[in-house]
Amino acid sequence: MKKPKWVVQKEKAKRISEAETVWLFGLHAVRDALMNPEREKLRLMVTKNAADKLAEAIGVSGMEPEMVDPRTFSAPIDPQSVHQGAVLEVKPLKWGKLADRAVDAGEGQPIMVLLDRVTDPHNVGAILRSAEVFGANAVVGTARGSAPETGALAKTASGALERQPYVRIRNLAEAMEELKAMGYVVFGLDGEAEVTIETALADAPNRPVALVLGAEGPGLRDKTKATCDRLVKIPFAREFGSLNVSNAAAVALYATRNTR
């Protein structure tokens, strides 16, 4: 009996996903991945200088590195990438389901960061770094509309990718509704909102918070705005001012953590 088309497509997508690998580069990203027991590591290429700097992490990983000449360093990454003499092929991390990451971890009220079409890996990497610093439970992006796990993202995250959950979901609005059902109040960051984030947080004491941030330029989609409990803004000292999405995330996370 012939399989339905949707079953064939699903099985094909699963095979592609299982075969997917990521090349991490840069000393911080490679070191933290080597030290992460949850990360499946496949191939390590290093110069003598990088190997010396990563000696402890290489020992912990149990990997046998491939030593390469810095003058002829050749790895399947962008030639412009600042690899610092170290690249590591890995499997993407698996962070589980949204609900698993949204539960109270016993460190104050939970905070989630949701991304609406933030595709720049440098922005997502910086957001992951801020999320780790300010104790967010997870950063959440859509499987098709947010930056995937890449070497550039990992390098910008400076090791945070190995510790800060980056959960990929199918539909952002559905994820927002799921968090609401768990007791979260969902705030969408919008420069044209009438309410400041400080005021909104004061109006929702002792509630877990989900912060939703949109892409540079277009911001949040209409559907996303409509699904938020409230749209909030970061107040500026001057009439004209704006922050890029990663800086806005850092400020919003700081404000939220300070009220928990």
What closest approach, in Å, do [X] and [Y] show between heavy atoms, and which atom pair accounts for it?
X	Y	answer
Val103	Asn137	O-ND2, 2.9 Å
Ala136	Arg257	N-NH2, 4.4 Å
Leu27	Gln84	N-OE1, 2.9 Å
Ser130	Ala250	OG-CB, 3.5 Å
Val167	Gly96	CG1-O, 3.9 Å
Gly219	Asp116	O-OD2, 4.4 Å

Is the shortest side-chain heavy-atom distance between [X] and [Y] below 4.5 Å?
X	Y	value
Pro110	Tyr184	yes
Cys228	Met176	yes
Leu54	Val30	yes
Val245	Ile127	yes
Val113	Leu253	yes
Lys41	Leu88	yes
Val209	Met112	no
Val232	Leu201	no

[X], [atom1] atom: more than 12 neighbouring heavy atoms under 6.0 Å:
X	atom1	answer
Glu66	CD	yes
Lys180	NZ	yes
Asp222	CG	no

Verify side chain to side chain contact (heavy atoms under 4.5 Å, CB included) between Glu40 and Val90, making sure each step is shown before the conclusion.
CA-CA 6 Å; Glu40 185 178 347; Val90 298; over 6 Å; no
Distance from [X] atom [atom1] to [Y] atom [atom2], nearest 0.5 Å?
X	Y	atom1	atom2	value
Arg163	Asn36	CZ	CG	8.5 Å
Arg43	Trp23	CZ	CH2	4.5 Å
Leu179	Met182	CG	CE	6.5 Å
Phe25	Glu89	CZ	CD	14.5 Å
Leu161	Arg129	CG	CZ	13.0 Å
Thr256	Glu198	OG1	CD	9.0 Å

side-chain contact (heavy atoms from CB on, under 4.5 Å) test vs Leu115 passes for just one of Val124, Leu172, Asn123, Val212, namely Val124
Linked, directly or transitively: [X] and [Y] (ILVMFWY side chains, under 4.5 Å):
X	Y	result
Tyr254	Val139	yes
Val46	Met63	yes
Ile58	Val60	no
Phe236	Leu189	yes
Leu243	Phe187	yes

Does the distance from a Lys or Arg side-chain N to an Asp or Glu carboxylate O, for Lys225 and Asp190, drop under 4.0 Å?
-> yes
Under 3.5 Å, is there a donor-acceptor pair between the Thr199 and Thr196 side chains?
yes
query: Would Ser246 and Asn244 count as a side chain to side chain donor-acceptor pair (under 3.5 Å) if you check the C-alpha gap in whole Å, the side-chain angles of each, and the deciding distance to 0.1 Å?
result: CA-CA 6 Å; Ser246 61; Asn244 75 11; 3.0 Å; yes
Which class fits the ring pair His83 and Phe73: parallel under 30°, tilted 30 to 60°, perpendicular over 60°?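 Parallel, since the angle between the ring planes stays under 30°.
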Check: Under the side chain to side chain contact (heavy atoms under 4.5 Å, CB included) criterion, do Val140 and Ile169 qualify, and how do the steps go?
Finding: CA-CA 7 Å; Val140 181; Ile169 44 90; 3.5 Å; yes
For residues 140-159, the side-chain hydrogen bond (donor to acceptor under 3.5 Å, both in side chains) pairs (sequence neighbours left out) are Arg39-Glu149
* How far apart are the C-alpha atoms of Leu220 and Leu231, what are their side-chain angles, what is the distance that settles it, and do they pass the side chain to side chain contact (heavy atoms under 4.5 Å, CB included) test? -> CA-CA 10 Å; Leu220 300 175; Leu231 297 179; 4.2 Å; yes
task = Walk me through it: do Val185 and Arg230 pass the test side chain to side chain contact (heavy atoms under 4.5 Å, CB included)?
result = CA-CA 8 Å; Val185 59; Arg230 207 165 186 182; 5.9 Å; no
(request) Return the set of residues passing salt bridge (charged side-chain N to carboxylate O under 4.0 Å, His left out) with Glu216 (not counting sequence neighbours), or none when no residue passes. (result)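 Applying salt bridge (charged side-chain N to carboxylate O under 4.0 Å, His left out) to Glu216 gives none.
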